[in-house]
Amino acid sequence: MFTLRPATLTDRKQVLRWMRKMDLWATPLVDVDVALVDKTFAPLFAQAEKTRRAHRETGGPKKRGGGAGSDVAAVHKCLAHCNTAWNEATAQKAAANPFSAWRVAQRKSRKLPAVGRRTTMLATASDQGVAWLKGLVELCDLKDPALAMVADYVLLSVLWGGRKTEGSLIRWRDVGFGDREVCFSAENTKGIKNHYIPLTPWSLDILRDRRAKNLQAGWSVEDADLVFPYPHSASGRIEDYRPITRILLERTGLWIGLHDLRRTLAGSVFGSVKDLGTVAI
């Protein structure tokens with residue numbers, strides 16, 4: 001458990017919350033079979049696929065809080081965690097894993113909907129893209145200190161291309177003002193390795209201003225403190241950056257997420273060097 005990233009732990013907690021509502025949750029392990037797995041997951045996948053089709057017609061951000069059946073990826077996540085829990089369980093159970101057997105059968109019959117791949121990037125050369133970026137910079141000066149802090153976080157995501165957790169969990173000890181680099185700690189990265197990013201002059205200015213703003217808001221800036229503390233969440237860190245991107249959606253008509261910005265940066269680097277190895281670095 002200690003090697004799991006925060007995002008993975010959050011996913012597991014969500015799965016537990018969702019699955020508690022199912023008959024499967026209260027069924028003894030020895031009685032769990034393929035028929036029960038089908039009874040549990042077939043309706044969830046059908047509901048998630050219906051929701052996805054409706055969303056494609058309307059566009060915009062996805063609604064949260066709909067449970068496992070609100071998203072195809074969420075149902076796959078539940079199935080994967082149930083499969084792992086079965087494999088790790090030591091209680092009496094059938095010889096064959098019913099979750100794995102059901103998934104294989106669904107794939108062979110092509111009944112299992114695949115997770116959609118979002119390919120959106122921010123068109124930085126377009127008038128709409130420029131308006132989105134300028135709007136983001138303006139939001140960094142909001143009077144609401146928490147929202148202004150989230151805007152800084154999103155702006156640095158534009159410059160760094162980091163994943164949500166990587167950026168939201170950096171601490172002041174990870175920021176090297178003298179060395180001009182910031183470290184995404186191994187415990188928060190997908191590859192479980194430290195990632196170092198050079199700090200350009202604009203990034204340095206943003207971080208120096210953020211430190212001053214945190215002090216002004218009464219937030220501690222000791223080495224172990226988060227650069228982006230969020231007082232309105234139980235974890236004390238940014239759980240949802242979308243209040244900022246929703247404002248930008250209303251102003252520009254563009255719905256851009258953090259991973260879209262990561263994809264945008266990668267596309268920009270590739271367009272300059274035409275080398276995937278450089279993009280990976």
Side-chain angles (χ1 to χ4, degrees), residues 5-27 32 34-86 98-122 132 150 154 157 163-165 168 190 233-234 238-264:
R5 291 175 293 116
T8 303
L9 292 173
T10 300
D11 286 347
R12 291 195 173 185
K13 289 177 181 178
Q14 281 186 327
V15 169
L16 290 175
R17 187 170 67 251
W18 292 332
M19 297 308 296
R20 281 194 182 100
K21 304 173 184 178
M22 310 293 175
D23 292 341
L24 177 67
W25 181 265
T27 302
V32 176
V34 173
L36 181 57
V37 174
D38 183 71
K39 179 184 176 182
T40 302
F41 283 97
L44 286 176
F45 274 112
Q47 180 185 343
E49 181 62 18
K50 181 179 179 181
T51 302
R52 180 164 66 179
R53 286 196 298 268
H55 178 261
R56 284 173 175 170
E57 294 177 0
T58 58
K62 291 182 179 179
K63 293 182 179 179
R64 291 188 172 182
S70 64
D71 182 74
V72 171
V75 189
H76 276 287
K77 192 181 299 179
C78 288
L79 182 57
H81 283 305
C82 286
N83 182 73
T84 300
W86 170 277
F99 299 98
S100 178
W102 184 82
R103 181 162 53 184
V104 169
Q106 297 300 306
R107 284 178 174 172
K108 285 183 177 178
S109 61
R110 297 185 178 180
K111 292 182 179 179
L112 214 59
V115 178
R117 297 286 182 180
R118 183 175 167 91
T119 59
T120 304
M121 293 194 294
L122 179 65
W132 193 94
V150 176
V154 176
S157 297
R163 295 180 177 87
K164 177 183 174 182
T165 304
S168 65
K190 190 172 183 178
S233 69
I238 297 174
E239 299 285 356
D240 187 5
Y241 61 87
R242 300 191 306 172
I244 290 297
T245 50
R246 281 198 184 96
I247 295 173
L248 295 171
L249 171 63
E250 294 174 0
R251 293 183 180 181
T252 67
L254 289 177
W255 177 246
I256 300 294
L258 242 65
H259 213 79
D260 300 330
L261 297 175
R262 179 176 172 80
R263 201 178 294 114
T264 300

Checklist entry - Quick one: side-chain hydrogen bond (donor to acceptor under 3.5 Å, both in side chains) partners of Trp132, sequence neighbours excluded? => result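 Residues passing side-chain hydrogen bond (donor to acceptor under 3.5 Å, both in side chains) with Trp132: none at all.
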
Which heavy atom in [X] sits nearest to a heavy atom in [Y], and how many Å separate them?
X: Met121; Y: Arg263; result: SD-O, 3.3 Å
X: Met19; Y: Phe41; result: CE-CZ, 4.1 Å
X: Leu258; Y: Val154; result: CD1-CG2, 4.2 Å
X: Pro113; Y: Val72; result: O-CG1, 3.7 Å
X: Val32; Y: Pro98; result: O-CG, 3.8 Å

Checklist entry - Are the side chain of Asp260 and the backbone of Gly257 linked by a donor-acceptor contact shorter than 3.5 Å? => result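 At least one qualifying donor-acceptor pair exists.
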
Item to check | Side chain Lys164, main chain Glu239, donor-acceptor under 3.5 Å | outcome: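 Looks like yes, one N/O pair under 3.5 Å.
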
Item to check | side-chain contact (heavy atoms from CB on, under 4.5 Å) between Ile256 and Thr245, intermediate numbers included | outcome: CA-CA 7 Å; Ile256 300 294; Thr245 50; 5.6 Å; no

Next on the checklist: Test of understanding: with ring pair (Phe, Tyr, Trp, His ring centres under 6.0 Å), list the residues that count as partners of His76, not counting sequence neighbours.
Outcome noted: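 If we apply the ring pair (Phe, Tyr, Trp, His ring centres under 6.0 Å) test to His76, skipping adjacent residues, the hits are Phe45.
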
Nearest 0.5 Å please: distance from the [atom1] atom of [X] over to the [atom2] atom of [Y].
X: Glu250; Y: Trp255; atom1: CD; atom2: CH2; answer: 10.0 Å
X: Thr40; Y: Trp25; atom1: OG1; atom2: CH2; answer: 13.0 Å
X: His259; Y: Thr264; atom1: NE2; atom2: OG1; answer: 10.5 Å
X: Arg17; Y: Cys78; atom1: CZ; atom2: SG; answer: 10.0 Å
X: Leu44; Y: Asp71; atom1: CG; atom2: CG; answer: 11.5 Å
X: Cys82; Y: Met22; atom1: SG; atom2: CE; answer: 9.5 Å

Checklist entry - Can you check whether Asn83 reaches Trp102 side chain to side chain, under 4.5 Å on heavy atoms? => result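 No, every pair of side-chain atoms sits at 4.5 Å or beyond.
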
Checklist entry - Can you tell if the side chain of Trp86 reaches within under 4.5 Å of the side chain of Val37, non-hydrogen atoms only? => result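 No; the side chains remain at least 4.5 Å from each other.
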
Item to check | Audit row: Asp38, Gln106, side-chain contact (heavy atoms from CB on, under 4.5 Å) steps and yes/no | outcome: CA-CA 10 Å; Asp38 183 71; Gln106 297 300 306; 4.2 Å; yes

Next on the checklist: Taking salt bridge (charged side-chain N to carboxylate O under 4.0 Å, His left out) as the definition, give me every residue that meets it alongside Arg20, ordered by chain and number, with sequence neighbours left out.
Outcome noted: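 Partners of Arg20 by the salt bridge (charged side-chain N to carboxylate O under 4.0 Å, His left out) criterion come out as none, since no residue qualifies.
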
Checklist entry - What's the verdict on side-chain contact (heavy atoms from CB on, under 4.5 Å) for Leu36 and Thr27, showing C-alpha distance, side-chain angles and the deciding distance? => result CA-CA 9 Å; Leu36 181 57; Thr27 302; 3.7 Å; yes

Checklist entry - Salt bridge between Glu49 and Arg53, side-chain N to carboxylate O under 4.0 Å? => result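 A salt bridge is present here (some side-chain N lies under 4.0 Å from a carboxylate O).
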
Item to check | Evaluation steps, side-chain contact (heavy atoms from CB on, under 4.5 Å), between Trp18 and Val75 | outcome: CA-CA 10 Å; Trp18 292 332; Val75 189; over 6 Å; no

